[in-house]
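Beneath this line is the structure, given in structure tokens, with notes to follow.
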Amino acid sequence: MEGVSYQRFPKIKIREVKDECMKFELRNTDASIANALRRVMIAEVPTMAIDLVEIEVNSSVLNDEFIAHRLGLIPLTSERAMSMRFSRDCDACDGDGQCEYCSVEFRLSAKCLGDQTLDVTSKDLYSSDHSVVPVDFPDSTGYDSPEQRGIVIVKLRRGQELRLRAIARKGIGKDHAKWSPAATVTFMYEPEIHINEDMMETLSLEEKQSLVDSSPTKVFDIDPNTQKVVVVDAEAYTYDDEVLKKAEAMGKPGIIDIRAKEDSFIFTVESTGAIKASQLLLNAIDVLKQKLDAVRLSDDTVDADDQFGELGAHMRVG
Amino acid sequence: MGLPRPTDSQEEPTVDQLIDKQKLAAPIKSAVDKFQLLPEFLKVRGLVKQHLDSFNYFVNVGIKKIVAANDRIESAIDPSIYLRFLDVRIGKPSVMVDGVSEELKPHTCRLSDKTYAAPILVDIEYIQDERHGIKRKLTKADVQIGRMPVMLRSRCCVLYGKDEAELAKLGCECPLDPGGYFVVKGTEKVILIQEQLSKNRIILDTDKKGNINASVMSSTEATKSKTVIQMEKEKIYLCLNQFVKKIPIMVVMKAMGMESDQEVVQMVGRNPQYAAFLLPSIEECASQGVFTQQQALDYLETKTKKSTFGSPSEKENRALAILRDIFIANVPVKRNNFRPKCLYVAVMLRRMMEALLNKDAMDDKDYVGNKRLELSGQLISLLFEDLFKTMITDVQKLVDNILDKKRSSRFDFSQHIVRDSITNGLERTLSTGNWDVKRFRMHRKGISQVLARLSFIGSFGHTTRIQPQFEKSRKVSGPRALQPSQWGMLCPCDTPEGEACGLVKNLALMTHVTTDEEESPLITMSYCLGVEDLELLSAEELHTPNSFLVILNGLILGKHRRPQHFADAMRKLRRAGKIGEFVSIFVNEKQSAVYIASDGGRVCRPLVIADKGVSRIKEHHMKELMDGARTFDDFLREGLIEYLDVNEENNALIALYEGEATPETTHIEIEPFTILGVVAGLIPYPHHNQSPRNTYQCAMGKQAMGNIAYNQASSFSSLHLIGSVLLWRMDSLLYLLVYPQRPLLTTRTIELVGYDKLGAGQNATVAVMSYSGYDIEDAIVMNKASLDRGFGRCIVMKKYAAVNQKYENGTEDRILRPQKTEERERVLDDDGLAAPGQIIRNGDVYVNKECPIETRGPLKSAAALADTRYRPTKVTYKYPEGESCVVDRVAIYPDRNNNTCFNFVIRHTRRPEVGDKFSSRHGQKGVCGTIIQQEDFPFSERGICPDLIMNPHGFPSRMTVGKMIELLGGKAGVSCGRFHYGSAFGEPSGHADRVEAISETLVNNGFSYNGKDLIYSGITGSPLQAYIFMGPIYYQKLKHMVLDKMHARGNGPRVLITRQPTEGRAKSGGLRVGEMERDCLIAYGASMLIYERLMLSSDPFVVQVA
């Protein structure tokens, strides 16, 4: 079997792309790749987040650490993050987080003068770099008045003041969740649903209806014209087995057969807004590649080739 | 609830309307939904109403009675010189500052170690003696005789009747704080409710030898005594402390003038059975040669305890005096008429004989109806009475001393009232908790305790706690067992584990504790209703069948032939408001007696009255209540609701729900979940849990961190920025949660108490599965990303105090401006104190203090002292290495000795770490076993990733089904956007969502009906073999954290005397290889290890000899 490659050519079919979320299909690969992609998206795609806060004045009701924690969790636009340096291996500034290559400075200064409580939001953060700013949600559908938007940091009452300097740095979600660009990354196996039409014919309309209704999600329906049970949305199926159980209870096991396609996944990615969902995917693939490169190129790998044998050859080819 | 709107209205639907729709869609509940009564009840009475009522009673009535009973101070030398108290009242809490009275606020007292007290003011009338024997009668109003600590939110408190906004203005008081405690020297003190056996009642029980005892604990204003009538070897004796020996009962009867044996037999009952029991006693009496009253008295005279002092003339009639004043002292003897006492003894004898014939007639000491609760008002009143009497004797002595001397100036009685003794006595007793009242032979410890402020709910639990009078060490199970009569009065769940289990109890939600009520109107009322006075009846008639004794507060009033009729009439009067609402009328068929009780300390609860099973509360009543046109008191006044005490409950047939009522039903419960107390009320679906789990949760709910109060803590610098002085709590230790949440699955109690506003936990998404092996033995696996985002994050605030001491030679400590040369003085400000907002680490100095070397000896001017005469006593901060804390606040105030005090509140924010303790609301505690990255955590195809993972082995043996339903309900609540309810026993009345309904909601939102989800492994990406039960559960973080407990040592300090390593973490002590560890090593055979541990690591010492 020497030299036989198991290389596969995964395909991605994008179904839906918005700035903050996307859905795509990943085909012709296995769970390990799909999961690696998911894990990298959550934990290893770098973003910017506030990491150091210097508080000058804080007379708000929340204490300094509290505010620092809240600031850290505010997502910052980080398109530039991939090209920036981690402050720990920044040559320009010895990693003290003061230079433009690895850090961005923010300032916040708010004081409540009126009788109404003042919401200090992420909009009050002034960045030294226009490309790294707190995430804005332009299409939050008219929930609040326009100036109210932004993430609330603290509320001030008359006379209270908050003044601080914050430094955002590049980081990854593995170190702290604030650097994770992904709100949700999940995938499911694509279900394959077969309806045994012959057996289905034997059911009465009521029986069909009860079979259709037994699924908590809307997977099946009855065609109003042909009165046949049809699959309306296979992906709505949550692998809950309810339909199968129902079929069994009706004494018709095998009337519906559901299998998970082992090699095709449906991904849902939601971004925190730090980077666009599509970019998140691309960055994740980049990071994944870099990681694989690191494995492939290191001397250890070559040494270990003998041990890995076939796998080593496979990787050299790919 | 607004007026009904037209349905076709064009306006946007308001929130109110949406709620209304929900209500309309809700299934039809019991005929009338009476739940609304409960918030109304709590609004009227408050949650700690028993304390407030009791204290208010003392302030309004009790104190006046005490002063009226001792209203005269007379000089023993010249009785015409006197002082008389006309009236007494308690003023507004205030303090004298430089001769000016200044209003006190409770929070000021908390912060500056003051006592929240109000002046006790009296109006006096007194004689002024001019020099030449001319006496003038003068009156003076508002003379202060002392200061009374004031219960917060009581009638004389400044917070009384204030609403939320007013409270906020009034010195930062938390509106959710229930009050019911005192502030003494800056600490909050609760007087625990004391449980004791009822006074003045006949109690039958058996002693260790199996003899039947009938005992009466008499308690009147004048005397307190215990009378026991005992049956030993078929003979009946009287045991009384004043007699050296047991006295045959017939002798006692004869001594009281009941010379005829026949009459005694008649009184006990002519039935030969009873006469037979009496026969041995009669024979014994005759054998002693006692036949007449005089003989009996002479006999008793020989048996009295000889007191060492007292004049011989007094000794003459001691026997009679004892019988009159001490023997069953609660039965008054008027004009030497002993007949009521004889009758009382006869009733006691009769009860004993009935008990002999039928063991059921024995009294149960654990029966709640035989118990009385002593509340803060009564305890303070005892104390005040003692102090007041002491003050009177003190004043008298003082005045006699002055009058004795040849005086030149005129004598003004009013100048000699001692003020400090009452103030100091009250303050000392409240702050130590030791009630040492010699006058009443009372020596009790731990009556007042520092209010537990660990969690909001914990302080509630503390104010409703009932402490027993018995010693805890007794190994009996009787008093610890759950009594059926506790139903609705005492919480069945809330009791501690361990030695006090079952003895310390807690009040239920609706319990009311009565206060004393005037007896005389009740007596006249009874006679008017046909009670025949015993004086007019013959002995024979005492126990004639078909007629009932009428007994008021243990005092026999007479007989009534139609007891049921009489009881009905009395109850009618009570419902009409003619007699007090808390008077209980109880017809005891077994004892053929009607018991009327109006004494204080009985527990009772409100119930809806039903006529032949039909509730008196109709739909329109409830509607009026909701519209605000009717209050709880109106319900009471109109006789729709009444209070029943434990005894009267025996005459009632109480239906749980209106639907279950039969024609025999007399009452209907308001809400079944009120049988639980405040603390147990937090548990969702407690009726689905195994009972001990609820008890465990009751103990743990008090350790959960969260919010304490609205005024708990805040940023330091708001103090000087805002014009009005804002003051925040400075507790010695405070645990706060950074992001507390209200539980997704609430109960009605939670809303009533305000736990939804001051929560102590967070809604965590829990997956019930096994993960990684670090979850055995109840450990939980936590998601690192959740912790990063603030789950379980807490703030620990600790107060550190320092005093700038003044010494007797005029020198004092001084605080120096730091040199700032040393690293450890980094946090100091220019004033020598740590600056707020500074990060402080282990070993940092927070007070740069120096203290004079010479503090005694000749007086020196403090200013003139040279620098060399001081030695530095810097106060350093000690904390685990590597942790960084922040100085939160610094308070400077003078203490009572005018020394300057510094309080530093130091704050530490902690995120959960391995070993921190967490618990759900179902007695399921566990430590954090490991923290796992989010990407390794399992996830569902919706992208849900749990916050923590709990091992399923926690379920089978614990049987906490409530927790599973909480998970389901929480999941449904999250997906449909409505808070779900899980009140105890709430399913029939709609206060708890049913599992069926929850499942339907889940299915409608695309979840499986059983709450299980398909989960993918975060490590491999493949789906897990089993469906995982996953959803939100409210988790509490408990105060036990590793950081405060971890400890290890190598070489370290040793004890001076033994030279062995010290003990305990605080002294960085060694870890002991104890007896059992030693045994293990011996059994294993590791002899060298034992040698090393026990000898080399502990005891060796090298010493130079000679």
Side-chain angles (χ1 to χ4, degrees), chain A residues 30-44 55 57-66 68-70 72-73 157-161 173-180 182-189 215-218 235-236 238-242 260 262 265-266 268-270, chain B residues 713-723 728 736 738-739 783-790 793 795 797 837 839 884-886 888 907-909 911 933-937 939-945 999 1002-1010 1012-1014 1016-1023 1027:
Chain A
D30 55 11
S32 63
I33 295 296
N35 197 38
L37 201 58
R38 182 190 72 90
R39 291 167 61 93
V40 168
M41 278 197 260
I42 291 174
E44 280 176 276
I55 289 176
V57 179
N58 172 20
S59 56
S60 72
V61 289
L62 303 185
N63 60 46
D64 303 352
E65 304 96 285
F66 205 135
H69 178 232
R70 292 184 71 84
L73 291 175
R157 81 172 258 193
R158 189 192 183 91
Q160 293 177 336
E161 190 182 0
K174 210 174 223 174
D175 293 333
H176 194 284
K178 68 185 173 187
W179 278 302
S180 176
T184 308
V185 183
T186 185
F187 60 78
M188 67 181 284
Y189 287 86
S215 173
T217 47
K218 195 136 184 72
E235 277 154 35
T238 57
Y239 294 96
D240 44 38
D241 285 358
E242 289 304 320
E262 293 281 319
F265 306 90
I266 299 156
T268 313
V269 178
E270 281 174 37
Chain B
S714 174
S715 174
F716 54 91
S717 39
S718 33
L719 288 181
H720 55 83
L721 280 168
I722 295 167
W728 310 94
L736 304 171
V738 171
Y739 293 107
N783 184 337
K784 179 171 169 290
S786 303
L787 305 187
D788 288 344
R789 294 180 179 120
R793 190 168 287 233
I795 304 170
M797 296 220 204
I839 292 175
S884 66
C885 306
V886 182
D888 194 64
R907 140 171 54 95
H908 184 210
T909 308
R911 56 179 284 164
Q933 297 280 348
Q934 186 188 351
E935 62 266 26
D936 290 335
F937 245 55
F939 61 97
S940 81
E941 56 192 41
R942 291 179 172 229
I944 299 170
C945 188
S999 288
L1002 283 177
V1003 169
N1004 288 341
N1005 288 286
F1007 286 103
S1008 172
Y1009 70 94
N1010 54 15
K1012 292 180 181 176
D1013 291 315
L1014 179 79
Y1016 293 84
S1017 160
I1019 300 171
T1020 65
S1022 53
Y1027 294 108

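Hydrogens, waters and symmetry mates are skipped; everything else that's a heavy atom, side chains included, is used. Each chain gets a letter, A, B and so on, in the order its sequence line appears, and its residues count up from 1. Values in this document were obtained by computation on a predicted structure and should not be read as measured data.
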| Does any heavy atom of chain A fall under 4.5 Å from the side chain of B/Ile944, the backbone, both, or neither of them? | neither
| field | Heavy-atom contact with chain A under 4.5 Å, split by part of B/Asp936 | value | both
| B/Thr1020 portion near chain A, given a 4.5 angstrom heavy-atom threshold | backbone
| remark: Interatomic distance, CG@A/Asp241 vs OG@A/Ser215, rounded to 0.5 Å, equals 10.5 Å
| Is it the backbone or the side chain of A/His69 that comes under 4.5 Å from a heavy atom of chain B, or both, or neither? | side chain
| field | B/Tyr739, part contacting chain A, at a heavy-atom distance under 4.5 Å | value | side chain
| task | Under 4.5 Å, counting heavy-atom pairs only, tell me which of A/Lys178, A/Arg70, A/Met41, A/Glu44 racks up the most with chain B. | result | A/Arg70
| message | Keeping A/Arg39 on the side-chain end and B/Gly1018 on the backbone end, is there a donor-acceptor pair under 3.5 Å? | response | yes
| Which of A/Ile42, A/Thr238, A/Thr217, A/Val185 touches chain B most, by non-hydrogen pairs under 4.5 Å | A/Thr238
| note | When every non-hydrogen atom of A/Ala31 is compared with those of A/Tyr189, the smallest separation belongs to CB-OH, 3.3 Å
| remark: Residues passing the ring pair (Phe, Tyr, Trp, His ring centres under 6.0 Å) test with B/Tyr1027, sequence neighbours excluded, are none
| field | chain B contact via A/Lys174 - side chain, backbone, both or neither, heavy atoms under 4.5 Å | value | both
| Interface moiety of B/Lys784 toward chain A, non-hydrogen atoms closer than 4.5 Å | side chain
| Checking heavy atoms, do the side chain of A/Asp30, its backbone, both or neither come under 4.5 Å from chain B? | neither
| query | By a 4.5 Å heavy-atom criterion (distance strictly below it), what part of A/Phe265 contacts chain B: side chain, backbone, both, or neither? | reply | neither
| task | Quick one: pull up CZ in B/Arg793 and CG in B/Leu736 and give me the separation to the nearest 0.5 Å. | result | 14.5 Å
| Region of A/Thr184 that comes under 4.5 Å of a non-hydrogen atom in chain B | side chain
| Reported CG-to-OG1 distance for the pair A/Asn63 and B/Thr909, which is rounded to 0.5 angstrom | 5.5 Å
| request: Indicate the atoms forming the closest heavy-atom contact of B/Ala785 with B/Gln934, along with that distance. | output: CB-OE1, 3.3 Å
| request: Taking B/Asn1005 for its side chain and B/Phe1007 for its backbone only, find out whether a donor-acceptor pair lies under 3.5 Å. | output: no
| said: Less than 4.5 Å to any heavy atom of chain A: does that hold for the side chain of B/Arg942, its backbone, both, or neither? | reply: backbone
| field | B/Lys1012/A/Asp240 salt bridge by N-O under 4.0 Å criterion | value | no
| field | Atom pair CD1/OG of B/Ile1019 and A/Ser32 - distance to nearest 0.5 Å | value | 14.0 Å
| note | Turns out that what part of A/Thr268 lies under 4.5 Å from chain B's heavy atoms comes down to neither
| said: For B/Ser940, which atoms come within 4.5 Å of any heavy atom of chain A: side chain, backbone, both, or neither? | reply: backbone
| task | Using non-hydrogen atoms and a 4.5 Å limit, figure out which bit of B/Val738 sits close to chain A: side chain, backbone, both or neither. | result | both
